[in-house]
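Worth saying up front: this structure is predicted, and the values here are computed from it rather than measured.
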Amino acid sequence: MTKDGDFFRGSHIPGPTHNLLRMRVQSAPNASFNVRVLPAVGGCSHGAPIEAEESRDWISVGVERANAELGTGYGIVEAEVVANDSRRPEVYAELARRIVLAAHQDDGSN
């Protein structure tokens with residue numbers, strides 16, 4: 001996980017599949033957040049483009065897992081995914097979980 005300004009960035013690229021998730025995390029929970037679908041990168045295709053609504057659900061699972069693990073109530077201000085990334089809900093959930101863990105660690109270092 002890396003931090004670029006207000007965004008935390010996580011990626012998973014094990015070979016022909018790839019996923020990128022960028023999130024702005026806040027210390028308070030929220031009911032919903034915006035997901036921006038970034039334009040496709042490169043010429044590959046892994047099926048239909050990822051949609052904001054479905055990725056919001058995947059990301060929310062990871063945020064809930066991290067909050068349960070930490071005993072916290074982090075929320076997401078906004079998130080970004082890439083349209084032609086691999087449709088792997090479990091990967092997005094894990095990236096979101098790790099981003100919240102990184103944000104928690106970053107909060108503790110300030």
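Between Val100 and Met23 there is a side-chain heavy-atom pair separated by less than 4.5 Å. When side chains are defined from C-beta on, Arg9 does not count as touching Ile99, because their heavy atoms never get closer than 4.5 Å.
Scanning for side chain to side chain donor-acceptor pair (under 3.5 Å) contacts around Glu54 gives Arg87, with sequence neighbours left out. Listed by chain and residue number, Arg24 satisfy the side chain to side chain donor-acceptor pair (under 3.5 Å) test with Glu78 (two or more places apart in sequence, or in another chain). Looking at residues two or more places apart in sequence or on another chain, you find a salt bridge (charged side-chain N to carboxylate O under 4.0 Å, His left out) between Arg36 and Glu80. Among residues two or more places apart in sequence or in another chain, the side chain to side chain contact (heavy atoms under 4.5 Å, CB included) test is passed with Glu53 by Glu51, Arg56. Under the side chain to side chain contact (heavy atoms under 4.5 Å, CB included) criterion, Val82 pairs with Leu20, Leu38, Val41, Asn84, Asp85, not counting sequence neighbours. Scanning for salt bridge (charged side-chain N to carboxylate O under 4.0 Å, His left out) contacts around Arg98 gives Glu94, with sequence neighbours left out. Asn67 meets the side chain to side chain donor-acceptor pair (under 3.5 Å) test with Thr72; sequence neighbours excluded.
Val61 belongs to no hydrophobic cluster with other residues, because no ILVMFWY side-chain heavy atom falls under 4.5 Å from its own, directly or through intermediates.
Taking CG from Leu21 and CD1 from Ile76, the interatomic distance works out to 8.0 Å, rounded to the nearest 0.5 Å.
Hydrophobic clustering, with ILVMFWY side chains joined whenever heavy atoms are under 4.5 angstrom apart, keeps Val37 apart from Val77. A single hydrophobic cluster is seen to contain both Leu70 and Val63, as judged by linkage of ILVMFWY side chains at heavy-atom distances under 4.5 Å, directly or through other members.
Gly75 approaches Asn30 most closely through the heavy-atom pair CA-OD1, 3.2 Å. When all heavy atoms of Asn19 and Ser86 are compared, the closest pair comes out as ND2-O, 2.7 Å. Contact between Ile59 and Ala79 at its shortest, heavy atoms only, is CD1-CB, 3.9 Å. Between Ala40 and Ala83, the shortest heavy-atom contact is N-CB, 4.1 Å.
Pairs passing the salt bridge (Lys or Arg N to Asp or Glu O under 4.0 Å) check and including a residue from residues 59-72, sequence neighbours excluded, read Glu69-Arg97. Listed by first and then second residue, the ring-ring contact (aromatic ring centres under 6.0 Å, His included) pairs that reach into residues 76-101 are Trp58-Tyr92, sequence neighbours excluded. Counting only residues at least two apart or in different chains, ring-ring contact (aromatic ring centres under 6.0 Å, His included) contacts with residues 7-39 comprise His18-His46.
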